[in-house]
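First up is the structure itself, then whatever we jot down about it.
Order of appearance sets the numbers: ligands from 1, and atoms from 1 within every ligand.
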Amino acid sequence: MNDTQDPSSDAPADSNSAGAGPSIGASGAPSAGPQAASSLHTRHEGWSGRFSEPVADFVLRYTASVGFDQRLAQADIDGSLAHAWMLAQVGVLSEQDLQAIENGLGLIRAEIESGEFPWQLGLEDVHLNIEARLTELIGAAGKRLHTGRSRNDQVATDLRLYLRAQIDGVLGELMRLQRALVELASVHTDTILPGFTHMQVAQPVVFGHHLLAYVEMLERDAERLREARVRVNRLPLGAAALAGTSYPIDREAVARRLGFEGVSRNSMDAVSDRDFVIEFCAAAALAMVHLSRFAEELILWVSPQFGFIDLPDRFTTGSSIMPQKRNPDVPELARGKTGRVVGSLVSLLMMVKGQPLAYNKDNQEDKEPVFDTVDTLRDTLHAFAELVPGIVVHRDAMRRAAQQGFATATDLADYLARRGMPFRDAHEAVGRAVRRAAQLGCDLGELSLEELRGFAPQIDADALPALGLEGSVAARNHIGGTAPVQVAQQVAFWRARLQAEVPSPGRSGGAHA
Ligand code: ARG
């Protein structure tokens, strides 16, 4: 079986098998049609000794992962190069074999990049495909690569290498979006719009403050991803099938070479758990949930009922029947795609639930959810980072909306409370004033001083500025408040911070895109 460590009995699929199965299209879709099925009998050739009949065609298709795990190919080659190098260092592999393996894997890397690699569904997964091709290209040395290793620690290593690079990519996009939001905020530190609670006008805020709320959410998303990355970045290789290997391997050296921050301490844990994938998907799901909130606001703001903003034409689509439409498809899709990311997280949690130690084939199901999550999150962050600088803000519409709905009622109550009236009584008095204004169809600030005094005699002329929008936002002048001076300070803080921050820790490279 492939899980043993004896190089002779652990031979990869031999050179005959590499050409025998049907190839897979460039799209990576496994050819599952009946025409293809009849010639798929190559699977047992990697471990033929034990079996007396070929794997059933259906089982080949059902168990194969090469249609999707091709995405791990570059990581798989990097892992194999490090493994072979280490085997040579400790004297298990000859220098000559190492040289041949390095050359062969170099050729394979180029074949994969150019789309010429002959992927075989019959060879199950990315690992067996590459190994079989290596043996086809370089002969016996290719069969020695798998010494002291199993696909179980190999796939865990590949996935960690892949995910580490993807986290760095996601962090880069995340920061681009943050920067775009901060720049938009910087020109709107005194653009007033209504702040809502329960979707009803609550208090005036400045638009820059509203935008920076998302910068904060995204920063916590980035933090979660950076923390997850530390746990992703452990080397499982050396765990072999589950118990370790009898070869004198040097795991620390492999870890250093691949940029891992340490090696896994327990081989059974190393090959079986997928918590690092789940952590990534949990952080991604939360980031998507944040983006879905922003998406929803954009959708509301572009609606004619709000009219707060316009999105650039290149981000909107028309309707085939209603000529007046400009639909915010990109935010709507982002909102919709949040569901698939949350779904992937749930799939992965359920995949691991109840699995006994150590490796089980269930774990092959980790790949599609994680790939889809990476794609969806990266694309969505990218879309928003491109969209935000093109947002056209209609200050007047925002302002008009803030003038409706008695957004400064709290300010009047605060004024009365400062004059000694208990806040609850002030709340009551202002409530009556609001009712009166609503009857007259005007805003609080449009009631005469005379009229206002009818509700609370403590009200003097100096109360009137507080009823204006500028006075209201300026008064919230403390850390975290919406006063324009505070928001300007926050913009400066974020500019400095996002300038200083490097998206990836930089300790370890690798771009397994
Ligand atoms: N394709 C497999 C996966 O994704 C690789 C590991 C297979 N190991 C095994 N013993 N069958 O998990």
Select the closest option to atom 10 (N) of ligand 1 among D366, D69, N152, D153, judged by heavy-atom distance.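 Checking each option, the heavy atom nearest atom 10 (N) of ligand 1 is found in N152.
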Distance flag, aromatic centroids of F384 and F294, threshold under 6.0 Å: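 Yes, close enough.
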With ring centroids as reference points, do F308 and F207 lie under 6.0 angstrom apart?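 No, the ring of F308 stays outside the 6.0 Å limit from the ring of F207, centre to centre.
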So, the side chain of N266 versus the backbone of S264: is there a donor-acceptor pair under 3.5 Å, distance only?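 Flag not set: sc N266 to bb S264 has no pair under 3.5 Å.
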Evaluate [X] for polar contact with ligand 1, using N/O atom pairs at a separation under 3.5 Å.
X    : result
E124 : no
H127 : no
K361 : no
Y359 : yes

Using salt bridge (charged side-chain N to carboxylate O under 4.0 Å, His left out), reason through E297 and R335 one step at a time and then give a plain yes or no. CA-CA 10 Å; E297 298 212 289; R335 189 177 59 183; over 6 Å; no
Considering only heavy atoms, does K367 approach ligand 1 within less than 4.0 Å through its side chain, its backbone, both, or neither?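 Within the 4.0 Å criterion, K367 contacts ligand 1 through side-chain atoms alone.
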Determine whether more than 12 heavy atoms belonging to other residues, nucleotides or ligands lie under 6.0 Å from atom CZ of R293.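 Open: at most 12 neighbouring heavy atoms sit under 6.0 Å from CZ of R293.
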Return yes when atom CD of E365 has more than 12 non-hydrogen atoms of other residues, nucleotides or ligands closer than 6.0 Å, and no otherwise.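 No, the 6.0 Å shell around CD holds no more than 12 heavy atoms from other groups.
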If the cut-off is 4.0 Å to any non-hydrogen atom of D125, which atoms of ligand 1 fall inside it?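 Heavy-atom distances to D125 below 4.0 Å select 1 (N), 2 (C), 5 (C).
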